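Working notes, beginning with the structure itself.
The structure presented is a predicted model; accordingly, all values stated were derived computationally and were not measured. All chains are named by letter (A, B, ...) in the order of the sequence lines, taking the proteins before the strands, and each is independently numbered beginning at 1.
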Amino acid sequence: AAGVIQSPRHLIKEKRETATLKCYPIPRHDTVYWYQQGPGQDPQFLISFYEKMQSDKGSIPDRFSAQQFSDYHSELNMSSLELGDSALYFCASSLNVETSGRISTDTQYFGPGTRLTVL
Amino acid sequence: AQKVTQAQTEISVVEKEDVTLDCVYETRDTTYYLFWYKQPPSGELVFLIRRNSFDEQNEISGRYSWNFQKSTSSFNFTITASQVVDSAVYFCALSEYRGNQFYFGTGTSLTVIP
């Protein structure tokens with residue numbers, strides 16, 4: 001079965017540079033989530049998109065932005081990188097159902113992650 | 001406040017022993033979802049189980065079993081006859097009906113010694 005695809009798998013950047021991470025959800029999944037996992041930490045929710053609209057926002061820094069495109073893939077753009085941005089970035093996707101204006105949460109399937117190292 | 005608590009930071013067991021990983025959660029929602037994910041040394045997050053708040057039936061899948069107790073807000077995970085391949089960090093997660101983000105616990109690192 002097709003899984004969530006993330007690219008690149010590894011990325012090395014210098015401080016103050018920019019980075020773009022890409023996520024291709026499982027086919028027919030309409031919701032994408034981004035998480036940041038620091039060394040020895042649990043994944044922290046950054047942001048999510050449902051049907052190409054931002055649906056929830058977590059602890060995403062102002063230097064980061066994200067969007068979901070018409071083909072449902074998503075990109076996380078990171079600018080003015082700092083050493084503390086070094087982490088494993090996960091994308092997850094799910095198929096959610098909207099009922100009475102609320103999104104019913106389904107299982108999130110995670111990609112393999114992108115390991116970002118900022119030097 | 002931490003919505004999901006995994007009090008056990010690290011656990012070591014000898015192969016073939018049973019081990020239970022604890023998870024306690026906190027939510028005001030009456031509808032919510034609980035999950036367990038496994039993160040092996042390779043780093044990916046592998047989905048293990050999803051349980052909604054209306055289904056307190058315990059589940060068994062091979063050597064894995066889960067005990068959901070709403071009365072104590074716990075969703076514990078037991079591995080029977082542990083194997084070296086079970087060595088990983090295990091995360092418990094909560095998703096509330098009002099939003100669709102996951103709240104992860106801090107994880108329990110399980111080491112199975114041959």
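Taking the ring centroids of B/Tyr37 and A/Phe110, they lie under the 6.0 Å cut-off.
A single hydrophobic cluster is not seen to contain both A/Tyr72 and A/Ile47; linkage of ILVMFWY side chains at heavy-atom distances under 4.5 Å, directly or through other members, places them apart. In the hydrophobic clustering of this structure, B/Tyr90 does not group with B/Val24; members are Ile, Leu, Val, Met, Phe, Trp, Tyr whose side-chain heavy atoms approach within less than 4.5 Å, directly or through other members. Both A/Ile26 and A/Tyr35 are part of a single hydrophobic cluster, where members link through side-chain heavy atoms under 4.5 Å apart. Using a 4.5 Å cut-off between side-chain heavy atoms of Ile, Leu, Val, Met, Phe, Trp and Tyr, with links allowed through other members, B/Val4 and B/Ile11 fall into the same hydrophobic cluster.
Annotation for B/Lys38: atom NZ counts as buried by contact number, over 12 foreign heavy atoms lying within 6.0 Å. Within a 6.0 Å sphere centred on CZ of A/Arg115, other residues, nucleotides and ligands contribute 12 heavy atoms or fewer. For A/Asp62, the CG atom sits in a loose shell: 12 or fewer heavy atoms of surrounding residues, nucleotides or ligands are nearer than 6.0 Å. At most 12 non-hydrogen atoms from other residues, nucleotides or ligands lie less than 6.0 angstrom from CD1 of B/Ile60.
Only the side chain of B/Phe47 comes within less than 4.5 Å of a heavy atom in chain A; its backbone stays farther off. With a threshold of 4.5 angstrom between heavy atoms, B/Gln6 does not approach chain A through any atom at all. Only the side chain of A/Gln37 comes within contact range of chain B, judged by heavy atoms closer than 4.5 Å.
Taking the side chain as every heavy atom from C-beta outward, A/Gln41 and B/Phe104 never approach each other to under 4.5 Å. Side-chain contact between A/Leu88 and B/Glu44 is absent, with no heavy-atom pair separated by less than 4.5 Å.
For the atom pair CD (A/Gln108) and CG (B/Leu45), the distance works out to 10.5 Å, reported to the nearest 0.5 Å. Taken to the nearest 0.5 Å, the OG1 atom of A/Thr107 stands 4.5 Å off from the CZ atom of B/Phe35.
Among the candidates B/Gly107, B/Gly105, B/Ala93, the residue making the largest number of heavy-atom pairs closer than 4.5 Å to chain A is B/Gly105.
Taking all atoms of both residues into account, the shortest heavy-atom contact from B/Gly43 to A/Phe90 is O-CZ, 3.1 Å.
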Problem set entry | Derivation and outcome, side-chain contact (heavy atoms from CB on, under 4.5 Å), residues B/Tyr103 and A/Phe45 | CA-CA 8 Å; B/Tyr103 300 94; A/Phe45 172 73; over 6 Å; no

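In this structure, A/Tyr33 contributes its side chain and B/Phe102 its backbone to no donor-acceptor pair below 3.5 Å.
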